[in-house]
Q: 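Got a structure for you, questions after.
Residue numbering restarts at 1 for every chain, and letters A, B, ... go by the order of the sequence lines. We use all heavy atoms of the structure for the numbers below, so side chains are in, but hydrogens, waters and symmetry mates are not.
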2 protein chains.
Amino acid sequence: MALAHAIMTALLEDERSGYELARDFETSLGFFWQASHQQIYQELRKLTERGWLDKREVRQRGRPNKMVYGLTAAGHAGLAQWVFAKTRTQAAKDELLVKLYNLSADNASHLAGEIGERRAQMMHLLYLYEKIRRRHYSAPAALPTRHKGVYLALTLGIRQGEQFLAWCDEALALLASVAAR
Amino acid sequence: MALAHAIMTALLEDERSGYELARDFETSLGFFWQASHQQIYQELRKLTERGWLDKREVRQRGRPNKMVYGLTAAGHAGLAQWVFAKTRTQAAKDELLVKLYNLSADNASHLAGEIGERRAQMMHLLYLYEKIRRRHYSAPAALPTRHKGVYLALTLGIRQGEQFLAWCDEALALLASVAAR
DNA sequence: ACTAACATGTAACCCGTTACATGATTAT
DNA sequence: ATAATCATGTAACGGGTTACATGTTAGT
């Protein structure tokens, strides 16, 4: 049931189309919750049927028309209530760590390659995080309450990301010493 | 396809029954990959049919007999090959962070409560990690290669966990300042 | 003509979760 | 008796992924 509420969260400030939501789920909120456009369109239909969203067509010039969705009063209420529901603890699953349990001289350089890739991806992500932090969250104490929550999420992302980079370096050093040449 | 390989990874050193595997997936390998007994029994059947595992019955006194599963040569080979396959990047999904995007004076103390719970869970997990590290990984340089991989996974778990604790404290401080009284 | 970005959907499949089910043995 | 631990399964459901599908407009 979390996808529905993630979508509504994304609609808290502006109304948006399915296409725009799909794009948002690749950044911003998407740092902490991902969804494909196939999921999103399905969920938008369900949420509209349930009366939590309403939609209207927006005519555009120079591109196809779009349907934009916004929260109804019922949607706002449902979202606010959801925050108070008990959160199921998140499962940390990572295939790469399972692979590390199979470390051998043979596969060490392959695993180092994969960790190197992850490291590069994380560098890119941290760059995006930092850009957002500098632009929108440079004075956290002055933020409106809701944005302080976003700031906290962002802070966790940055800290965990930096920690991950440091771990990658340690792992790469150890793997280099283990690899067959 | 990761569950199958996680199970085989758990069988690398000893053969085990479904029940024992289910228990293991609550600790050790289970720190990085979880599975319920329902999943495990299904997967054991499939893996046996595929010829990657074989099973034999072990008669026990004082408790029900059990079926123990072990890797076949084909299973070993399949597992070794899997390590070289490209790992799909892991999605970080956390409902609690999405909830933080909905922070308000009303829900701040509830969210603080949930973060406090997470903090306590992580403390417990770190305690388990540390116990294992002290017992089995106090001299990482002397470990056999495969265990060095396990050590790396454990190290990541510990570092991320400690980082998470620090973040919880920061978050709790901010939430306290926001909460309505 | 072709590519890229905009825009929206359906269908099949796989995997994980929840619920349901059964039965042995030991300890209280 | 009854609870706890050991031990093994089936079935239904729901959510996420992959594949399939279509159509517009702008730019090269």
Q: Closest-nucleotide mapping onto DNA chain D: is A:Met1 or A:Arg61 further toward the 5' terminus? I mean the 5' end.
A: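 It is A:Met1, whose closest nucleotide lies nearer the 5' terminus.
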
Q: For A:Glu15 and A:Lys55: C-alpha separation, side-chain torsions, deciding distance, then whether salt bridge (Lys or Arg N to Asp or Glu O under 4.0 Å) applies.
A: CA-CA 9 Å; A:Glu15 48 183 23; A:Lys55 59 176 175 179; over 6 Å; no

Q: Kindly point out which of D:dT8, C:dG16, C:dA7 is positioned nearest to the side chain of A:Arg63?
A: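 The closest nucleotide is C:dA7.
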
Q: On DNA chain D, compare the nucleotides closest to B:Gln42 and A:Gln34; which residue's is nearer the 5' end?
A: B:Gln42

Q: Report the residue from B:Leu152, B:Val150, B:Thr9, B:Leu156 that forms a side-chain contact (heavy atoms from CB on, under 4.5 Å) with A:Leu100.
A: B:Leu152

Q: Choosing from D:dT8, C:dT8, D:dT17, which nucleotide comes nearest the side chain of A:Ser36?
A: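 The answer is D:dT17, which lies nearest to the side chain.
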
Q: I need the CD-P distance between A:Glu57 and C:dG9, as an integer number of Å.
A: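 Result: 10 Å.
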
Q: Between B:Asp14 and B:Arg16, does the salt bridge (Lys or Arg N to Asp or Glu O under 4.0 Å) criterion hold? Intermediate values first, please.
A: CA-CA 6 Å; B:Asp14 318 317; B:Arg16 278 179 164 72; 3.3 Å; yes

Q: For C:dC15, does OP1 or OP2 lie under 4.0 Å from any side-chain N or O of B:Gln39?
A: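 Answer is no, no contact under 4.0 Å.
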
Q: Using a strict cut-off of less than 4.0 Å between a Lys/Arg side-chain nitrogen and an Asp/Glu carboxylate oxygen, indicate whether A:Glu49 and A:Lys46 qualify as a salt bridge.
A: no

Q: Kindly point out which of D:dT8, C:dT18, D:dC6 is positioned nearest to the side chain of B:Gln38?
A: C:dT18

Q: To the closest 0.5 Å, what do you measure between CG (A:Leu11) and CG (A:Leu79)?
A: 9.5 Å

Q: Separation of A:Lys66 atom NZ from D:dG23 atom C1', in whole Å?
A: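 Atom NZ in A:Lys66 sits about 17 Å away from atom C1' in D:dG23.
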
Q: At how many degrees, to 10°, do the end axes of the helix from C:dA1-D:dT28 to C:dT28-D:dA1 meet when each uses five pairs?
A: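 One end axis against the other gives 10°.
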
Q: Could you check how far CZ of B:Arg23 sits from P of D:dA7, rounded to whole Å?
A: 7 Å

Q: Whole-Å distance between D:dC6 C1' and B:Asp24 CG?
A: 15 Å

Q: Would you indicate, yes or no, if C:dT8 has its OP1 or OP2 atom less than 4.0 angstrom from a side-chain nitrogen or oxygen of A:Tyr41?
A: yes

Q: Considering heavy-atom distances to DNA chain C, does A:Arg88 or B:Ala2 have its closest nucleotide positioned more toward the 5' end?
A: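 It is B:Ala2 whose nearest nucleotide is closer to the 5' end.
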
Q: Out of curiosity, does A:Tyr127 fall in the hydrophobic cluster containing A:Met123 (side-chain heavy atoms, cut-off under 4.5 Å, transitive links)?
A: yes

Q: Figure out the CZ/C1' separation between B:Arg16 and D:dC6, and round it to whole Å.
A: 16 Å

Q: Looking at D:dG9, D:dT17, C:dT8, which one has an atom nearest to any side-chain atom of B:Tyr69?
A: D:dG9

Q: With a non-hydrogen cut-off below 4.0 angstrom, is A:Gln60 in contact with a base, only sugar-phosphate, or nothing?
A: sugar-phosphate

Q: Verify the distance criterion only: is there a donor paired with an acceptor across the side chains of B:Thr155 and A:Glu170 at less than 3.5 Å?
A: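 No - no donor-acceptor pair under 3.5 Å links their side chains.
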
Q: Between C1' on D:dT10 and NE2 on B:His37, what's the gap in Å once rounded to a whole number?
A: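 It works out to 10 Å between those atoms.
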
Q: Under the salt bridge (Lys or Arg N to Asp or Glu O under 4.0 Å) rule, what do B:Arg133 and B:Glu130 come out as? Steps first, then yes or no, please.
A: CA-CA 5 Å; B:Arg133 171 149 80 174; B:Glu130 279 296 347; 3.1 Å; yes

Q: Which listed nucleotide (C:dG16, C:dG9, D:dG16) is nearest to the side chain of A:Lys93?
A: C:dG16

Q: Nearest to the side chain of B:Leu3, which nucleotide is it out of D:dG16, D:dG9, C:dG16?
A: C:dG16

Q: Measure from CG on A:Asn65 to P on C:dT8 and round the result to the nearest Å.
A: 10 Å

Q: Please give, in whole Å, the distance from D:dG15 C1' to A:Ile40 CD1?
A: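 Rounded to whole Å, this separation is 14 Å.
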
